[in-house]
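Structure record follows, encoded as structure tokens.
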Amino acid sequence: MDLSYGPGYEQFRNEIRRFLEEHREQAPPPRLGLAENSAAMRRWQGILVDHGYACRTVPKNYGGYGAEEDLLKTIIIGEEFRKASVSAGIASQGISMLVPTLLRYGSEEQKREYIEPTIRGELIWCQGYSEPEAGSDLAGLKTSAVVDGDDFVVNGHKIWTSTAREARMMFALVRTEPEASKHKGISYLLISMDSPGLEIRPLKMMTGHAGFNEVFFNDVRVPKRNIIGRRGQGWEVGKATLVHERNMLGASDHSMTMLQSCMKVLDDCGALDDPLLADQAMKLAARTMAMKYHSLRMLTDKLKGRSPGAAGLITKLNGCQLNHDICKLAIDAMGEGGILREGSRRVRDRGRWQSEYMFQLGLIIGGGTAQIQKNIISEVGLGMPREPKTPQRGTRE
Amino acid sequence: MDLSYGPGYEQFRNEIRRFLEEHREQAPPPRLGLAENSAAMRRWQGILVDHGYACRTVPKNYGGYGAEEDLLKTIIIGEEFRKASVSAGIASQGISMLVPTLLRYGSEEQKREYIEPTIRGELIWCQGYSEPEAGSDLAGLKTSAVVDGDDFVVNGHKIWTSTAREARMMFALVRTEPEASKHKGISYLLISMDSPGLEIRPLKMMTGHAGFNEVFFNDVRVPKRNIIGRRGQGWEVGKATLVHERNMLGASDHSMTMLQSCMKVLDDCGALDDPLLADQAMKLAARTMAMKYHSLRMLTDKLKGRSPGAAGLITKLNGCQLNHDICKLAIDAMGEGGILREGSRRVRDRGRWQSEYMFQLGLIIGGGTAQIQKNIISEVGLGMPREPKTPQRGTRE
Amino acid sequence: MDFGLSPEQELFAHSLRGYLSQHFPMQRVRTLMEAEHRADPERIEALSGQGLAGILVPTDCGGSGLALLDAVIAAVELGRAATPVSFHSAFVAAPYLLSQALPEPSMRGWLEAIAAGKSLLSFARLPAKASSGKWNGSASFVADAMVADAFVVASGDDSAPEFYLLPAATPGLSVEPLLNIDATRVLGDVSFEAVALPARSRLPIADPAGALRRVLDAGRIVLAADAFGAAERSLESAVEYSLLREQFGRLIGSFQAVKHMCAESYAELEPLRALLWYAAFAWDEELDDASYAATLLKSHCCEVATEVVANAVQVYGGMGFTYDCDVQIWFKRAGYDRQMWGGPSELRARAVEMARAGV
Amino acid sequence: MDFGLSPEQELFAHSLRGYLSQHFPMQRVRTLMEAEHRADPERIEALSGQGLAGILVPTDCGGSGLALLDAVIAAVELGRAATPVSFHSAFVAAPYLLSQALPEPSMRGWLEAIAAGKSLLSFARLPAKASSGKWNGSASFVADAMVADAFVVASGDDSAPEFYLLPAATPGLSVEPLLNIDATRVLGDVSFEAVALPARSRLPIADPAGALRRVLDAGRIVLAADAFGAAERSLESAVEYSLLREQFGRLIGSFQAVKHMCAESYAELEPLRALLWYAAFAWDEELDDASYAATLLKSHCCEVATEVVANAVQVYGGMGFTYDCDVQIWFKRAGYDRQMWGGPSELRARAVEMARAGV
């Protein structure tokens with residue numbers, strides 16, 4: 001048991017601190033959520049890439065820093081940037097999902113064409129996986145791509161596409177082999193967002209913000225060379241980067257930060273004098289502390305090359321529920337003020353608590369609902385049998 | 001909306017009060033749980049039957065009082081006896097389940113033979129429905145009864161049989177037509193507990209008490225005339241009396257009484273000064289109050305001959321969980337004293353809270369688990385589809 | 001013994017449900033939500049036409065003179081339909097207090113105007129007491145603040161409140177909007193700067209502390225009814241959706257996880273219908289445990305409603321999180337009901353005091 | 001960065017699990033449960049042979065001189081196996097306090113006897129302070145009261161406690177048994193009637209308030225570990241049962257309701273393993289948040305354990321409610337752990353004070 005990082009890493013930490021001291025004025029102000037697409041942010045991203053603090057393992061010949069994988073260094077970078085309240089650069093789906101995919105499955109030409117502009121924030125991507133009919137059953141997607149000459153012709157409808165309006169390209173899963181089995185008929189395509197026949201409709205959320213979009217394809221032509229991997233290999237290609245290792249500690253860090261802010265709300269509202277609210281705060285503190293050390297345990301397993309087993313499956317389920325509950329407590333502590341929303345007079349923290357309360361509920365749903373996660377925990381984690389599959393029964397008669 | 005009973009019923013109430021005043025010294029002291037089998041209790045039961053305060057609707061020619069069905073009168077009897085802390089007589093499965101069954105399905109001979117001694121407490125019955133393999137799937141029972149001459153020959157194994165050691169007879173569900181479908185192959189038999197080949201084993205519960213038994217049948221011979229209804233009609237016969245109307249208000253009355261005692265524990269332990277325990281008490285008070293008026297609503301529906309619909313399905317699920325939670329709070333309020341059990345020095349209320357805490361958990365399970373009840377609420381109450389049935393799949397491969 | 005609604009009450013609920021679904025369908029609700037702080041006489045007139053505005057107004061003032069139980073029936077329907085109206089303030093609290101002050105002849109005019117849908121009143125609480133005829137201070141989270149024609153103000157603390165009726169145009173009185181998550185009920189702050197109080201603005205109420213307790217109890221019961229309606233409708237709506245939506249080749253409503261989530265919602269929610277009835281009945285009859293019942297009801301009902309609407313969102317999956325899906329409207333509606341006029345833990349702390357005092 | 005058990009610690013857990021399942025199988029546990037208040041030197045010797053008795057005893061007193069983290073590993077295994085022993089009192093609290101008083105030479109003998117399994121000590125709290133050398137009062141809920149050879153007594157309030165070591169045969173000291181639901185850990189009351197205190201019975205502990213805090217923290221962490229073990233084992237056992245038992249023609253473990261109940265139990269319980277480790281580590285390293293972590297841990301872990309064992313009983317169905325089904329033993333074991341040395345709400349109230357003080 002050792003919670004220190006050791007001298008080599010502490011030296012690395014000092015380097016980062018020096019870097020931050022020297023360069024912090026060049027950084028744009030940090031924001032919640034995905035980093036915005038601004039010239040200032042792109043300049044900052046360039047500096048980070050050049051110094052190896054962003055996309056550090058991307059090889060030099062594709063415009064990266066070419067460092068070796070080192071999970072602890074990645075974590076220390078995150079810690080120091082967070083502590084200094086300096087933006088850690090662009091957190092886009094292009095960087096977190098497409099680039100690793102290209103590095104593993106892309107052709108040399110594709111790598112040279114897309115990686116560098118992506119990591120430097122010049123080329124923005126959006127993700128086209130989910131579909132309205134598929135929902136939790138992602139592999140049930142129906143958007144079709146049929147070969148016609150040198151192109152695929154794409155028809156269908158994607159949903160939950162964030163940054164669709166800002167993106168120049170989409171990486172998408174489409175069905176190219178309708179006769180194959182569900183998971184074997186999918187291909188991974190890169191689609192230009194300027195394509196004729198492609199239409200974007202913003203999707204307004206419960207919170208009032210349009211954080212997502214729907215994207216419609218009506219005979220959209222995509223060059224055949226824009227496929228990553230082979231035809232029918234798309235499920236494998238897309239699945240490989242669904243899990244972001246970078247965020248392994250992110251979830252529990254986020255909960256810790258939220259709990260701290262929530263305690264501040266309670267303190268300011270005098271709610272710590274209300275024993276009931278204080279009691280709830282301590283319940284949440286215990287859950288948060290447990291998730292914090294649970295994450296450290298997962299990290300240790302990772303560092304030692306061990307599989308965390310079933311214990312690795314619960315982070316998301318617990319994290320979203322925990323964050324949702326922290327928001328609920330903050331709202332309760334504010335009393336009637338708890339229902340105010342962004343833009344109102346006297347609203348606290350710019351309405352953050354209500355919108356996070358809703359957003360976390362959305363996360364409980366998004367990316368594999370809580371129900372599906374419980375299925376996985378019981379099946380993969382505890383070895384319980386799968387639901388019997390009976391497509392015909394249980395449907396409406 | 002009218003919470004009074006009206007003058008006619010108030011007169012009936014006064015009659016009961018006069019009766020109680022005149023006769024209360026003859027009553028044995030009231031106990032929790034099922035009324036015991038004692039000579040004093042049988043005498044008292046006889047007095048109650050004669051005055052129409054027990055088994056009041058059983059016809060005179062079978063030894064009863066012959067009153068007409070009147071739910072309100074039944075309720076008023078219960079209220080007054082409870083208020084006066086006088087035993088309301090024998091509450092046995094013979095009286096609550098077998099007698100209504102005989103009245104509806106029994107032959108004239110069977111009625112004459114069994115009803116009078118049963119309602120007077122001279123003939124004690126036990127119930128033989130559940131089996132270890134069948135569990136929640138009651139109709140999956142396997143105990144077989146094969147005709148041989150003038151007898152059925154019974155082989156099998158019953159479980160959860162209360163009062164098996166005291167009973168002279170058992171009313172049981174057995175499989176007589178193995179080739180028929182699950183529900184159509186069952187018959188309802190009356191079996192003497194003295195029969196050769198019948199063995200009783202007490203089943204000790206988590207609480208430390210042996211409230212139940214297992215009963216084993218090894219070539220037990222039962223005269224063919226001991227069948228109630230026709231062969232294969234047993235499921236219909238047995239199911240008709242699974243629901244006791246008498247207990248419609250019983251559950252919420254019981255919760256009210258438990259909550260009151262629990263509040264007394266909190267008060268005595270100074271736990272009302274602990275805002276957290278007091279808060280939990282109020283949560284339980286709200287749930288109890290809701291169930292109290294929910295029961296009154298069900299009663300009103302019943303009086304008006306209306307079906308309560310889905311609302312009638314939740315009483316048991318909520319009641320057991322509520323009682324379990326009330327016990328948990330009382331235990332928490334007692335602190336370290338909460339773990340003492342019956343017979344200990346300094347134990348409060350004779351260890352009632354721990355044993356009820358466990359017993360209520362048993363009730364959450366017993367008589368249709370909470371899981372099954374939720375299935376029924378969703379299917380019958382909310383109109384959601386049944387689970388697809390796939391006997392082959394989902395079993396261990 | 002008859003614990004349930006009368007045939008007339010059931011008919012009232014039924015016809016109100018029909019009326020609201022026809023005249024305030026969700027599309028119109030959404031339009032009204034966008035309008036938020038604009039006055040909207042047509043809406044109030046339409047609701048008064050259904051007898052909602054005058055439900056507690058005495059019959060000799062043009063109202064229906066009904067009981068709080070009837071108001072609860074209406075509130076459940078308004079919550080189900082998410083109808084944009086601050087029913088607890090405009091049509092319960094304000095007319096109740098005015099009718100308590102009926103000896104004062106000017107009240108009659110206001111009550112008639114309320115019942116006819118001509119005036120919209122709002123109930124406000126102001127901690128500061130009027131001193132030497134000039135008032136300073138501010139009332140927070142006042143329903144309909146920007147659009148109300150007049151305010152019924154309860155000032156001072158709970159033990160010795162005073163009640164005033166002040167038209168919105170009173171010099172020194174100003175309002176500022178608040179934006180809350182639930183755009184079907186609008187709120188604002190009302191400020192008083194050296195407001196002069198003419199003698200006739202004071203409501204002559206015999207037992208002011210009792211009246212304040214009664215008006216708060218009534219408002220809480222009605223807010224609980226609203227949350228109940230919102231939760232009930234979102235559960236029904238989720239169940240309907242689960243019978244249409246397929247995933248993994250099955251209706252999602254056939255998955256035990258979805259079924260049990262709905263069954264649990266139902267089992268938690270349904271008994272509160274009876275408690276709603278009882279709390280209103282106890283209020284109407286002024287039974288001993290009326291205040292205790294109201295307090296327990298609001299705390300518990302609003303907590304259950306929070307769970308039920310969140311479960312409904314989960315049944316809808318991603319769609320439930322969109323603005324276009326109606327479940328978000330009930331979600332926010334229940335959120336408003338929970339926080340207003342006392343949150344769950346605050347109310348339970350009050351209930352403890354009542355329980356200790358032997359209610 | 002290495003947040004986890006060392007290979008030696010994993011081996012210790014593994015071998016202890018094997019040992020307990022072989023030498024204290026559930027059948028033997030049941031036999032020992034019946035014996036309850038009878039002394040049983042064989043059991044203690046067997047456990048000391050595994051190094052459990054001397055786990056916190058310094059090496060120069062014949063112990064293993066290990067850390068609380070190691071004791072937590074043992075406690076999880078003892079909870080899993082429901083081994084009849086009051087580990088938190090006999091092998092954690094008592095030896096910890098004696099080792100704090102090691103300057104006093106007589107302590108060495110007691111510590112050696114503990115480590116060797118020759119003496120069974122018990123930790124008792126007595127509200128009354130010794131006055132003029134004579135003691136009156138009584139200590140409640142004392143582990144192993146009837147069978148302990150001596151008592152380590154903490155007397156007086158938390159801010160200035162005094163510690164004494166009194167052999168069970170001390171004149172004026174008497175014990176009476178209590179019966180608790182969990183027959184694997186026995187309790188009693190210890191009465192003091194004009195007990196004379198020889199000077200050497202007092203433990204010379206430099207920072208008595210600190211030592212009391214540390215001993216309570218350690219005991220709470222170990223009780224939480226015990227509850228964790230009991231809950232973990234009951235969940236595993238319920239899952240195993242669900243893969244054998246069929247109902248309605250299917251394994252009950254294939255029903256989503258059963259699966260999700262188990263998944264929820266697992267998701268609630270598993271993160272507490274890391275918190276157990278951290279709380280013990282923080283105690284060992286005397287980190288600033290050690291007491292806060294111990295307090296939060298015990299309150300939350302015991303609540304989760306209560307839910308997990310109740311869920312396990314439900315998976316077993318009717319069988320889970322019988323005395324023959326082992327799940328009842330874990331159910332009661334977790335019930336004991338929850339109530340002893342501070343229940344959940346009491347501990348959270350303490351944690352609030354720490355949080356406000358800025359821990």
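The figures here come from the full heavy-atom set of this structure, side chains too, leaving out hydrogens, waters and symmetry mates. In what follows, chains carry the letters A, B, and so on, assigned in the order in which the sequence lines appear, proteins first and then strands, with residues in each chain numbered from 1. This structure is a prediction, so every number in the text was calculated from the model and none was measured.
Separating the CG atom in Asp274(B) from the CD atom in Glu346(D) is a distance of 8.5 Å, to the nearest 0.5 Å. Between Ser345(D) atom OG and Gln280(B) atom CD the span is 6.5 Å, to the nearest 0.5 Å. Note: Arg341(B) CZ to Ile181(D) CD1 = 9.5 Å, rounded to the nearest 0.5 Å. Atom OH of Tyr323(D) is separated from atom NE2 of His209(B) by 12.0 Å, given to the nearest 0.5 angstrom. From Cys325(D), atom SG reaches atom NZ of Lys204(B) across 14.0 Å, with rounding to the nearest 0.5 Å.
Contacts with chain D were tallied for Ser130(B), Gly140(B), Pro132(B); Pro132(B) has the most, counting heavy-atom pairs under 4.5 Å. Your options are Val327(D), Thr322(D), Leu187(D), Thr306(D), and the one with the most heavy-atom pairs under 4.5 Å with chain B is Thr322(D). With chain D as the partner, the residue from Gly337(B), Gly338(B), Gly351(B) showing the most heavy-atom pairs under 4.5 Å is Gly337(B).
For Phe359(B), the CZ atom sits in a loose shell: 12 or fewer heavy atoms of surrounding residues, nucleotides or ligands are nearer than 6.0 Å. Counting non-hydrogen atoms of neighbouring residues, nucleotides and ligands closer than 6.0 angstrom, the CD atom of Glu193(D) reaches no more than 12 such neighbours. More than 12 non-hydrogen atoms from other residues, nucleotides or ligands lie less than 6.0 angstrom from CZ of Arg345(B). Within a 6.0 Å sphere centred on NZ of Lys142(B), other residues, nucleotides and ligands contribute 12 heavy atoms or fewer.
Of the atoms belonging to Tyr357(B), it is side-chain heavy atoms, and not backbone ones, that fall under 4.5 Å from chain D. Only the side chain of Leu276(B) comes within contact range of chain D, with at least one heavy atom under 4.5 Å from a heavy atom of that chain. Neither the backbone nor the side chain of Lys374(B) comes within less than 4.5 Å of any heavy atom in chain D. Asp332(B) touches chain D through backbone and side chain together, each having a heavy atom under 4.5 Å away. Neither the backbone nor the side chain of Pro275(B) has a heavy atom closer than 4.5 Å to any heavy atom of chain D.
For the pair Lys328(B) and Glu307(D), the salt-bridge criterion is met [side-chain N within less than 4.0 Å of a carboxylate O].
Checking side-chain atoms of Glu133(B) against main-chain N and O of Arg245(D) turns up no donor-acceptor pair under 3.5 Å. A donor-acceptor contact shorter than 3.5 Å links the side chain of Gln339(D) to the backbone of Ile331(B).
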Would Arg125(D) and Glu336(B) count as a salt bridge (Lys or Arg N to Asp or Glu O under 4.0 Å) if you check the C-alpha gap in whole Å, the side-chain angles of each, and the deciding distance to 0.1 Å? CA-CA 13 Å; Arg125(D) 290 195 73 186; Glu336(B) 296 183 323; over 6 Å; no

Could you walk me through whether Gln354(B) and Lys332(D) pass side-chain contact (heavy atoms from CB on, under 4.5 Å), step by step? CA-CA 10 Å; Gln354(B) 276 287 356; Lys332(D) 293 170 181 172; over 6 Å; no

Going through the checks in order, is the side-chain contact (heavy atoms from CB on, under 4.5 Å) test met by Met206(B) and Phe331(D)? CA-CA 9 Å; Met206(B) 181 194 260; Phe331(D) 182 92; 4.0 Å; yes

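No side-chain heavy atom of Gln328(D) sits under 4.5 Å from any side-chain heavy atom of Met358(B). Side-chain atoms of Phe248(D) and Ile372(B), non-hydrogen and from C-beta on, do get closer than 4.5 Å to each other.
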